[in-house]
**Student:** 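Mind having a look at this structure? Questions to follow.
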Amino acid sequence: MPGRIYSVEIRMADSYGNMTPLRFVLRGEEAGYYKTRSAAVKTPSLRFDVSRNLLVATAADPDTAAVGGNLTLFSGNRRLTLKPSYTAQSQNTYLYDLRAGLPDSMQFGRITKRFDRQAMIPAGREFGFSTASMSLGFNPKTLFDTLYVQTTYKQGLWTVHSPRTPLYQPLRLTLRPGGPVADPRRTAIYSVSAKEGAPTWVANGMLRAPAFRPLLKPLVSFAS
């Protein structure tokens, strides 16, 4: 809220129980568009990332107009036009709350990008997600936060999201090969701890892995 003062305290703790508070004050300001330019930006481009529930799209925009160009989101036969929230060094930034629905693609000028996140996986409850090539099973404590999942299968290689995303408790994974497997006895999923048991073949030529344990747990937690 414009003009309002917010006192913020963040407590940072490690796995040994050590805790350090960080305190600061924020003053609310009216949101307003601003633009700065950079002569180094010669050609338009478009990229995006997901931060919690926000789609953050960034477009390099060499146009000299006072306001950066719009971004268009497409979902089925619907479209949504977004104005830039701000432009810094000729880089337009657009913000969109993904809880309103996942787009299929986005367009800036003549540049179109496919939105490759396939579904929203909520934290805190049982949830299943399936594609033609795999199935994922999440328990209530698998995720730390909502996940906008991305999976691919290409030339016999399965990819599930990103190694930057930590898991708290196991994720169950079932893989569906693109065709018949010549020798199921000698086909397995590797990089799974032996303590979790061996992968097993199930109906319809699917290979079910035991629960994947997280390889990384954050050492620092935040609370406000």
**Student:** Give every donor-acceptor pair under 3.5 Å between a side-chain atom in residues 57-69 and any protein atom, sequence neighbours left out.
**Tutor:**
from, atom 1, to, atom 2, distance (Å)
Asp61, OD1, Asp63, N, 3.1
Asp61, OD2, Gly69, N, 3.1
Asp61, OD2, Asn92, ND2, 2.9
Asp63, OD1, Ala65, N, 2.7

**Student:** Which residues pass the side chain to side chain donor-acceptor pair (under 3.5 Å) test with Ser75, not counting sequence neighbours?
**Tutor:**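 For Ser75, no residue satisfies side chain to side chain donor-acceptor pair (under 3.5 Å) once neighbours in sequence are set aside.
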
**Student:** Supply the atom-to-atom distance Gln107 CD to Asn70 CG, rounded to the nearest 0.5 angstrom.
**Tutor:**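 Rounded to the nearest 0.5 Å, the CD-CG separation comes out at 11.5 Å.
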
**Student:** For residues 19-39, pull every pair meeting side-chain hydrogen bond (donor to acceptor under 3.5 Å, both in side chains), keeping only residues two or more places apart or in separate chains.
**Tutor:**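 side-chain hydrogen bond (donor to acceptor under 3.5 Å, both in side chains) check on residues 19-39 returns Glu9-Arg23, Tyr33-Thr87.
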
**Student:** Can you tell me how far the CG atom of Leu54 sits from the CG atom of Leu98, to the nearest 0.5 Å?
**Tutor:**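 Output value for this atom pair is 7.5 Å.
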
**Student:** Measure the spacing between CD1 of Ile5 and CG of Leu26 and express it to the nearest 0.5 Å.
**Tutor:**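 The CD1 atom of Ile5 sits 9.0 Å away from the CG atom of Leu26.
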
**Student:** Per the side-chain hydrogen bond (donor to acceptor under 3.5 Å, both in side chains) rule, what does the pair list look like for residues 97-106, sequence neighbours excluded?
**Tutor:**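 The answer is Asp97-Arg99.
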
**Student:** When you look at OH of Tyr86, are more than 12 heavy atoms from neighbouring residues, nucleotides or ligands closer to it than 6.0 Å?
**Tutor:**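 12 or below, so no.
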
**Student:** Would the Phe127 and Phe138 ring centres measure less than 6.0 Å apart?
**Tutor:**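 No, too far apart.
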
**Student:** Which residues pass the side-chain contact (heavy atoms from CB on, under 4.5 Å) test with Tyr153, sequence neighbours left out?
**Tutor:**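 Result, side-chain contact (heavy atoms from CB on, under 4.5 Å) vs Tyr153: Ser133, Trp158.
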
**Student:** Would you say the side chains of Gln118 and Thr151 form a donor-acceptor pair under 3.5 Å?
**Tutor:**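 The answer is yes; a qualifying pair exists.
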
**Student:** Assigning hydrophobic clusters by single linkage (Ile, Leu, Val, Met, Phe, Trp, Tyr; side-chain heavy-atom cutoff under 4.5 Å), is Met120 placed with Leu171?
**Tutor:**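 No; Leu171 is not reachable from Met120 via cluster members.
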
**Student:** Could you check whether any side-chain N or O of Arg176 sits under 3.5 Å from a backbone N or O of Thr131, counting only pairs where one atom can act as donor and the other as acceptor?
**Tutor:**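 Between the backbone of Thr131 and the side chain of Arg176 there is a qualifying donor-acceptor contact (under 3.5 Å).
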
**Student:** Check whether Leu136 and Leu167 end up in the same hydrophobic cluster, where Ile, Leu, Val, Met, Phe, Trp and Tyr are linked by side-chain heavy atoms less than 4.5 Å apart.
**Tutor:**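 Result: yes, single cluster for both.
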
**Student:** Got a sec: does the OH of Tyr16 have more than 12 other heavy atoms crowding it under 6.0 Å?
**Tutor:**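 Counting other residues, nucleotides and ligands, OH of Tyr16 stays at 12 neighbours or fewer.
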
**Student:** Any ring-ring contact (aromatic ring centres under 6.0 Å, His included) involving residues 89-122? Give me the pairs, sequence neighbours left out, ordered by first then second residue.
**Tutor:**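 As it turns out, the ring-ring contact (aromatic ring centres under 6.0 Å, His included) pairs with a partner in residues 89-122, which skip direct neighbours, are Phe48-Phe115.
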
**Student:** About how many Å separate CD1 of Ile121 and OG1 of Thr146, when rounded to the nearest 0.5 Å?
**Tutor:**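 Here the rounded value is 9.5 Å.
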
**Student:** Show the nearest heavy-atom pair for residues Thr152 and Met134, with the distance to one decimal.
**Tutor:**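 Minimum heavy-atom separation between Thr152 and Met134: O-CE, 3.6 Å.
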
**Student:** Taking the side chain as everything from C-beta on, heavy atoms only, tell me whether Leu55 gets closer than 4.5 Å to Arg117.
**Tutor:**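 In short, these two side chains do not touch, never coming nearer than 4.5 Å.
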
**Student:** If you group Ile, Leu, Val, Met, Phe, Trp and Tyr by side-chain heavy-atom gaps below 4.5 Å, do Leu73 and Leu95 land in one group?
**Tutor:**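 They do not share one cluster, since no chain of ILVMFWY contacts under 4.5 Å joins Leu73 to Leu95.
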
**Student:** What are the two closest non-hydrogen atoms of Leu46 and Lys113, and how far apart are they?
**Tutor:**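 Minimum heavy-atom separation between Leu46 and Lys113: O-CE, 2.9 Å.
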
